[in-house]
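None of these values were measured; they are calculated from a predicted model.
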Amino acid sequence: MHTDYDPALAKGIVDQATDAIIFADRDGLVRVWNAGAERIFGHKAEDVIGGTLDIIIPERMVDAHNKGFNHALATGQMKYVNKVLTTRSMHKDGSRIYIDMSFDMVRDANGTILGALAIARDVTERQANDAATRVKMAELEKALAEKADKAE
């Protein structure tokens, strides 16, 4: 069954998505910041729309982000297209979080780049659990090695 495109439905999907959905225009200004982005990053849409993404990028990563963004706009090529990147980000309260992000360019019907889309999911808890598992594994490996040394 074919139905006509419904902009209100599309907006509802974006607005209600659990994941962060963010769109920055060619000038690097945020134009879409959904409820998922508000929840993950702590910033209300009205405080972010029209500003830059610097508020969620750790200071040491801002230059690399801006270079990548500008390169993508100039060439139409993105380093992480069709990939999910786990990276650090910043919450409004100053805490550092881990997020899984995917990126793509948004183009109009003529193929002109309008800006960049990012979808993000908070994976801070998973990263903490993975780190704890690595520590535990290292402790177990050390204990096994010590036990093996004593047995010899």
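Here Thr52 contributes atom OG1 and Ile57 contributes atom CD1; the two are 7.5 Å apart, rounded to the nearest 0.5 Å. Expressed to the nearest 0.5 Å, how far CD of Glu38 lies from NE2 of His43 amounts to 10.5 Å. Distance check, rounded to the nearest 0.5 Å: NZ of Lys142 to CE of Met137 gives 15.5 Å. Remark: Met61 CE to Ile56 CD1 distance equals 10.5 Å, nearest 0.5 Å.
Asp100 has no carboxylate O lying under 4.0 Å from a charged side-chain N of Arg121, or vice versa, which leaves the two without a salt bridge.
Asp19 places no side-chain N or O within donor-acceptor distance of the main-chain N or O of Ile119, the cut-off being under 3.5 Å. A side-chain donor-acceptor contact under 3.5 Å links Thr75 to the backbone of His71. Here the side chain of Thr124 pairs a donor or acceptor atom with the backbone of Tyr98 at under 3.5 angstrom.
With sequence neighbours left out, the salt bridge (Lys or Arg N to Asp or Glu O under 4.0 Å) criterion links Lys92 to no other residue. For His91, the side chain to side chain contact (heavy atoms under 4.5 Å, CB included) criterion is met by Asp93, Ser95, Ile97, not counting sequence neighbours.
Heavy-atom neighbours of Glu59 CD from other residues, nucleotides or ligands within 6.0 Å: at or below the threshold of 12. A 6.0 Å sphere centred on CD of Glu139 holds more than 12 heavy atoms belonging to other residues, nucleotides or ligands.
Nearest heavy atom pair, residue Pro58 against residue Ser89, reads CD-CA, 3.9 Å. Among all heavy-atom pairs drawn from Ile55 and Val48, the shortest one is CD1-CG2, 3.6 Å.
Criterion: ILVMFWY side-chain heavy atoms under 4.5 Å apart, direct or through other members. Under it, Leu117 and Met78 are not part of a common hydrophobic cluster. Note on Leu73: it clusters hydrophobically with Phe103, by side-chain heavy-atom contacts below 4.5 Å among ILVMFWY residues. Note on Ile21 and Ile13: separate hydrophobic clusters, where clusters join Ile, Leu, Val, Met, Phe, Trp and Tyr whose side-chain heavy atoms are under 4.5 Å apart, directly or indirectly. Under a hydrophobic-cluster definition in which Ile, Leu, Val, Met, Phe, Trp and Tyr are linked whenever side-chain heavy atoms come within less than 4.5 Å, directly or via other members, Leu85 and Ile40 are assigned to the same cluster. Cluster membership for Phe69 and Phe41, using ILVMFWY side-chain heavy atoms within less than 4.5 angstrom, is shared.
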For residues 22-30, which side-chain donor-acceptor pairs fall under 3.5 Å, sequence neighbours excluded?
from: Asp25; atom 1: OD1; to: Asp27; atom 2: N; distance (Å): 2.9
from: Asp25; atom 1: OD1; to: Gly28; atom 2: N; distance (Å): 3.2
from: Asp25; atom 1: OD1; to: Leu29; atom 2: N; distance (Å): 3.0
from: Asp25; atom 1: OD2; to: Arg31; atom 2: NE; distance (Å): 2.9
from: Asp25; atom 1: OD2; to: Arg31; atom 2: NH2; distance (Å): 3.3
from: Arg26; atom 1: NH1; to: Ile113; atom 2: O; distance (Å): 3.2

